[in-house]
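Notes to accompany the following structure.
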2 protein chains.
Amino acid sequence: MSTVEPLLAALERGGYQRTEPRRLVATMVAQHDGHFTAPELVRESRRRGLPVGRATIFRALDVFLALGLVERLDLPDGEHAYVLCEPTHHHHVVCQRCGRTAEVDDDRGLRTVVQEIEQHTGYAIDTHRVELFGTCPSCQAQEAGPAGRAR
Amino acid sequence: MSTVEPLLAALERGGYQRTEPRRLVATMVAQHDGHFTAPELVRESRRRGLPVGRATIFRALDVFLALGLVERLDLPDGEHAYVLCEPTHHHHVVCQRCGRTAEVDDDRGLRTVVQEIEQHTGYAIDTHRVELFGTCPSCQAQEAGPAGRAR
DNA sequence: GTTTTTGCAAACCATTTGCAGGGTC
DNA sequence: GACCCTGCAAATGGTTTGCAAAAAC
């Protein structure tokens, strides 16, 4: 969970207005440390009584996406989710248990693989999407035994 | 473009019935060499006057997916597409121009990268999805000049 | 004859859009 | 005051489902 400030600052830097509804969406986004979907935010805003319309949430997410503050993930079941992230990194490891994500900065090995693939296939690759799914350390610990006993 | 036979054979092997509607869907699938979406098949079946209902197409694709005959792709724009593929390979390079795909069998380099990521992040990774987008050789040639002149 | 499949239409749910009113710079 | 942003409600599409009839084993 992070703060909203950086998000709002990025809005202004990008030439977007710093409005109340966007601040509310930013707050919800910042409070998730795992991934979340647009409909989830919509439900959450209703539950918490936040004055933001459905369309605004979708539109705000688009803006955040355009600014690179958030990234789109496609979960294994086909759902479209988002994660808050650094504007530079590009891949995520997603925990299938709790939804938490970690960023993967090791682009070096990947870049090599992509080059090899270009040579093998003859395709000129300009973007790639890599999503990794597994279990995060903390969920692994729980699975080993809720009593705290190591596996 | 491939034949329907292998698809139908796989159906039986998997304990599913070899029915007419499924054969029709298999035919459409086999005739695409790029990716396709469920709604696309629905439209195609109507255009060609094939007697298959919408729901049946969705259900047939689910069966093919379960059998590993087809794989699900998430295009950069978020669309859910499918590609016909070998039951063993797992990644695709997708041409953004014509939609054609090539399979990537080089899992070796990737496996190494995944292991490194596991060590860095502490996550236990059990599945990964890799999708590569670019331009296929034949579209590259066209881009260089439709007259056939080499770049 | 029993079990699968199918088709249809309706239901569902995510996402987008038109437009009038409100907020921000 | 001009332009950007929002909310609402309706439209749009993809996907699923209930159920009775039809096909397959």
Side-chain angles (χ1 to χ4, degrees), chain A residues 4 7-29 35-67 69-70 72-82, chain B residues 4 7-29 35-67 69-70 72-82:
Chain A
V4 274
L7 290 173
L8 300 177
L11 271 182
E12 290 199 327
R13 222 177 310 124
Y16 293 93
Q17 290 179 186
R18 182 192 278 247
T19 68
E20 183 59 14
R22 282 180 183 152
R23 203 180 58 67
L24 292 172
V25 176
T27 303
M28 291 192 288
V29 168
H35 51 69
F36 53 85
T37 64
E40 263 164 33
L41 293 192
V42 172
R43 282 188 287 274
E44 181 178 339
S45 71
R46 286 184 179 152
R47 196 177 339 120
R48 296 172 54 178
L50 305 179
V52 206
R54 190 195 4 256
T56 302
I57 291 180
F58 276 89
R59 290 189 279 229
L61 286 175
D62 281 348
V63 170
F64 293 161
L65 190 61
L67 291 172
L69 305 172
V70 119
R72 222 181 153 140
L73 279 187
D74 288 296
L75 303 185
D77 70 348
E79 261 199 333
H80 293 144
Y82 297 84
Chain B
V4 273
L7 290 172
L8 300 177
L11 271 182
E12 291 199 326
R13 222 178 309 124
Y16 293 93
Q17 290 178 185
R18 181 193 278 245
T19 67
E20 184 59 14
R22 282 180 183 151
R23 201 180 60 66
L24 293 172
V25 176
T27 303
M28 290 192 289
V29 167
H35 52 69
F36 53 86
T37 64
E40 264 164 33
L41 294 192
V42 172
R43 282 188 286 273
E44 181 177 338
S45 72
R46 285 184 181 153
R47 195 176 342 118
R48 297 171 55 177
L50 305 180
V52 206
R54 187 191 13 250
T56 301
I57 291 180
F58 277 89
R59 290 189 279 230
L61 287 174
D62 281 349
V63 170
F64 293 161
L65 190 60
L67 291 172
L69 305 171
V70 118
R72 222 179 153 141
L73 280 188
D74 288 295
L75 304 184
D77 70 348
E79 261 200 333
H80 294 144
Y82 297 84

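- In this structure, the NE2 atom of His80(A) is 12 Å from the P atom of dA14(C), given to the nearest Å.
- Taking the charged nitrogens against the carboxylate oxygens, Glu20(B) and Arg23(B) do have a contact shorter than 4.0 Å, which makes a salt bridge.
- To the nearest angstrom, P of dA14(C) lies 16 Å from CG of Asp62(A).
- Side-chain atoms of Arg22(A) come within 3.5 Å of backbone N or O of Gln17(A) as a donor-acceptor pair.
- At the phosphate of dG23(C), neither OP1 nor OP2 sits under 4.0 Å from any side-chain N or O atom of Thr19(A).
- In terms of position along DNA chain D, the nucleotide closest to Pro39(B) lies nearer the 5' end than the nucleotide closest to the other residue of the pair Glu12(B) and Pro39(B).
- Rounded to a whole Å, the CZ atom of Arg18(A) is 13 Å from the C1' atom of dT24(C).
- Residue-level contact check: Val52(B) touches the backbone only, with heavy atoms under 4.0 Å from sugar-phosphate atoms and none from bases.
- Straight-line distance from the CD atom of Gln17(A) to the P atom of dG23(C): 12 Å, rounded to whole Å.
- Residue Arg59(B) places its side chain closer to dG18(D) than to any other of dG18(D), dT17(C), dT24(C).
- When the P atom of dG7(C) is taken as reference, atom CD of Glu20(B) falls 10 Å away, rounded to whole Å.
- One interatomic measurement links the two molecules: CD1 of Ile57(B) to C1' of dA9(C), which rounds to 16 Å at whole-angstrom precision.
- One can place CZ of Arg43(A) at 9 Å from C1' of dC13(C), the figure rounded to the nearest angstrom.
- Atom CD of Glu79(A) is separated from atom P of dT15(C) by 9 Å (rounded to the nearest Å).
- By the 4.5 Å heavy-atom criterion applied to side chains, Tyr82(B) and Leu41(B) are not counted as neighbours.
- Nearest nucleotide to the side chain of Ala55(B), out of dA9(C), dT15(D), dT6(D): dA9(C).
- Phosphate proximity of dT6(C) to Arg22(B): present, with a side-chain N or O under 4.0 Å from OP1 or OP2.
- Looking at His80(A), its side chain does come within 3.5 Å of a backbone N or O of Gly78(B) through a donor-acceptor pair.
- Within the 4.5 Å cutoff, the side chain of Val29(B) has heavy atoms near those of the Leu61(B) side chain.
- Checked against dT16(C), dT15(D), dT6(C), the side chain of Arg54(A) finds its nearest nucleotide in dT16(C).
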